[in-house]
**Student:** 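The structure's right below; bear with me while I get my questions together.
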Amino acid sequence: MSSSISGAPRRVSRLLLLTLLGSPPVLAATPAVAETVPAPRARLIATLEAALERPDLRALQVGASATASEWQLRASPGAPHLVYQQEGIGSSFDEQPNAIRYLRWTQPVQAPWQRRRARELVRETRAWRGATDRARVLDAVAETAALWVELAGETDRAAVLAARLDRLERAVELQRARYELGEVAGTEVTQLELQRTRDFGDARRADARRAELTARLAARLGPGWRAPEPGDLSALAAEQSGALPLAETLAESAEGAPIVAEAKRRSEVETRIAELERSLRWGRPEISVEWERVPTLDGVEAFDALGLQIAIPLPIGSGHRRRLAAAGARAEVSALEVASIRAETQARLRGALAAAEAARHMIARLATPLESLDDVEASLAGQFRLGGISYLAYIDGLARIDEVRGEAIATHAALLRARLELAVLLDDASLFPLPTTPSEVIS
């Protein structure tokens, strides 16, 4: 009799537990981070295109236009000017009989060697403008893409934490049911509730971080950008199949990097300015053509006369020497900056390549464990539901599973960041999606 009575609670317990956790796939459900989300690349491209409309990028382009115009102004001989002169005005501002009128047109000109230096300066200025426009675009793209990748990682982490919190909610319900049936102690329920509270805090912090990143992107980009969805990170990482550059070619590749090209073009501009200043040590000559109107005076009939005047400046004073010294110093500084930027770019390329290789190898090592996570999670849920393992073993097992998922998220983000760095430094869209826009060149 006692055996029959004692067996009844156990049968009720099993029935109640199966009712509470009657859908094993719910506990063992694959987190949203593992789902394949369509069109993640389209969301990224839309965001990067929105980065091209950033006001600060436009401000940089306008500033580059102003700098280029100032440089080109140095190559110009100056605008002509027109002078009207009248002599023979009386005290009452009336015209005297001997009043003479002059009309003089003056044009600054450049010697042949000065014209050649001026053309070289204009050519290098236009080349610098094209280089700096592309470099600024890539800077904006790099900053925006890095934030988007970080947001994609936080989105996946939030999905993992939400799934984990849901599992613990069900586990707490299960332990409460067992406690009411007298199968477990109250401390076990308390321990699960404490773990749920910790996971709840982690989930809220992940949501807050995601909201912060979303706000930063929205403030920079306006309404045209698209936020990542769970799974975008791994999908994009799997899409990146472009071959990584070889370590032996990094030094050569750095020479073609947009930031190095911009620095070299600026150095060329400063060099041309210094050469132009040397050619202007005698200044620019001026040619004047003058028309003179002489009135009738003492029986002499009025007549018109034309005159020609050439003004040659003299190299007197220290002003030009100081301008020449300043131009030479700027040229030297810009040449040193090229060497510094080249070395920094090579170091960044080496670091990004090493990070990409490490992430790629890590993803390969994670492939097999990731494939078995769903089965392991389902097995843990089943054992815990049937009382085969304790709540401590269940929590520990879930934590280890989520650690692997978290490691996968971090590795995918690291791979994308490394490929982004390589793509921006080399301006290579095969390494990471980059918007292709024509460089704006001033006329």
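Scope of the values below: all heavy atoms of this structure, side chains included, with no hydrogens, waters or symmetry mates.
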**Student:** Please report the C-alpha distance between R400 and E403 in whole Å, then the side-chain angles of each, then the deciding distance to 0.1 Å, and finally whether the salt bridge (Lys or Arg N to Asp or Glu O under 4.0 Å) criterion is met.
**Tutor:** CA-CA 5 Å; R400 292 178 184 275; E403 282 178 6; 5.4 Å; no
**Student:** Please check if the number of heavy atoms outside E193 that lie under 6.0 Å from its CD is greater than 12.
**Tutor:**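 For E193, atom CD is crowded (more than 12 foreign heavy atoms under 6.0 Å).
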**Student:** Do D139 and P258 touch side chain to side chain, with heavy atoms closer than 4.5 Å?
**Tutor:**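 They are not in contact (no side-chain heavy atoms under 4.5 Å apart), so the answer is no.
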**Student:** Who are the side-chain contact (heavy atoms from CB on, under 4.5 Å) partners of V333, not counting sequence neighbours?
**Tutor:** E337
**Student:** Just checking, any donor-acceptor pair under 3.5 angstrom between side chains of R330 and S334?
**Tutor:**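 R330 vs S334: no donor-acceptor pair found between side chains.
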**Student:** Given 3.5 Å as the limit, does a donor-acceptor pair link the side chain of R43 with the main chain of P228, or not?
**Tutor:** no
**Student:** Of R136, R129, R134, which is the lone residue that meets side chain to side chain donor-acceptor pair (under 3.5 Å) with E262?
**Tutor:** R136
**Student:** Donor-acceptor pair, S267 side chain versus A263 backbone, under 3.5 Å?
**Tutor:** no
**Student:** I'd like to know if R360 pairs up with E357 as an ion pair, taking the criterion as any Lys NZ or Arg NE/NH1/NH2 lying under 4.0 Å from an Asp or Glu carboxylate oxygen.
**Tutor:** yes
**Student:** Quiz question: by atom type and distance under 3.5 Å, do the side chains of T155 and R210 form a donor-acceptor pair?
**Tutor:** no
**Student:** With the side chain counted from C-beta on, respond yes when R220 and T144 share a heavy-atom pair under 4.5 Å apart, and no when they do not.
**Tutor:** no
**Student:** Distance under 6.0 Å and angle within 45° of the ring axis: does R204 meet both against F200?
**Tutor:**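 Yes.
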**Student:** Please lay out, stage by stage, how L422 and D428 fare under the test side chain to side chain contact (heavy atoms under 4.5 Å, CB included).
**Tutor:** CA-CA 8 Å; L422 291 170; D428 187 352; over 6 Å; no
**Student:** Would you please name every residue forming a ring pair (Phe, Tyr, Trp, His ring centres under 6.0 Å) with W128, sequence neighbours left out?
**Tutor:**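 Ring pair (Phe, Tyr, Trp, His ring centres under 6.0 Å) check on W128 returns W71.
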**Student:** Could you check whether any side-chain N or O of R419 sits under 3.5 Å from a backbone N or O of F432, counting only pairs where one atom can act as donor and the other as acceptor?
**Tutor:**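 No.
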**Student:** Give me the atom names and distance for the closest heavy-atom approach of D156 to E229.
**Tutor:** OD1-O, 4.2 Å
**Student:** Checking E290 against Q309 for the side chain to side chain contact (heavy atoms under 4.5 Å, CB included) test, could you report, in this order, the C-alpha distance in whole Å, the side-chain angles of both residues, the deciding distance, and whether it holds?
**Tutor:** CA-CA 8 Å; E290 182 180 81; Q309 175 181 308; 5.6 Å; no
**Student:** For a 4.5 angstrom cut-off between non-hydrogen side-chain atoms, does L121 reach R74?
**Tutor:** yes
**Student:** Please determine whether a side-chain nitrogen of the Lys or Arg among R198 and D202 lies less than 4.0 Å from a carboxylate oxygen of the Asp or Glu.
**Tutor:** no
**Student:** Are more than 12 heavy atoms from other residues, nucleotides or ligands located less than 6.0 Å from atom CZ of R365?
**Tutor:**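 Incorrect, the count does not exceed 12.
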**Student:** Inspect the contact between R216 and E150 and indicate whether a charged nitrogen and a carboxylate oxygen are less than 4.0 angstrom apart.
**Tutor:**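 A salt bridge is absent here (no side-chain N lies under 4.0 Å from a carboxylate O).
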**Student:** Looking at R226 and D232, does any basic side-chain N land under 4.0 Å from a carboxylate oxygen?
**Tutor:**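 Judged by the 4.0 Å cut-off on N to carboxylate O distance, R226 and D232 do not form a salt bridge.
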**Student:** Going by atom types only, do S76 and Q72 share a side-chain donor-acceptor pair under 3.5 Å?
**Tutor:** no
**Student:** Under 6.0 Å from the CD atom of Q107, do we count more than 12 heavy atoms belonging to anything else shown?
**Tutor:** yes
**Student:** Please determine if R272 and E268 form a salt bridge, counting it only when a charged side-chain N lies under 4.0 Å from a carboxylate O.
**Tutor:**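 Yes, this pair counts.
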**Student:** Counting only heavy atoms not in R164 (residues, nucleotides, ligands), do more than 12 fall under 6.0 Å from its CZ?
**Tutor:** yes
**Student:** When K264 is tested against each of E255, E270, E124 for salt bridge (charged side-chain N to carboxylate O under 4.0 Å, His left out), which residue passes?
**Tutor:** E255
**Student:** So which atom in T411 and which in E407 form the shortest heavy-atom distance, rounded to 0.1 Å?
**Tutor:** OG1-O, 2.7 Å
**Student:** Would S279 and E275 count as a side-chain hydrogen bond (donor to acceptor under 3.5 Å, both in side chains) if you check the C-alpha gap in whole Å, the side-chain angles of each, and the deciding distance to 0.1 Å?
**Tutor:** CA-CA 6 Å; S279 71; E275 293 175 351; over 6 Å; no
**Student:** Does some side-chain heavy atom of L425 sit less than 4.5 Å from a side-chain heavy atom of L138?
**Tutor:** no
**Student:** Determine whether D402 and R167 satisfy the following criterion, salt bridge (Lys or Arg N to Asp or Glu O under 4.0 Å), listing intermediate values before the conclusion.
**Tutor:** CA-CA 12 Å; D402 288 343; R167 291 194 302 265; 2.9 Å; yes
**Student:** Run the salt-bridge test on R117 and E120 with the 4.0 Å N-O cut-off and return the result as yes or no.
**Tutor:**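 Salt bridge: yes.
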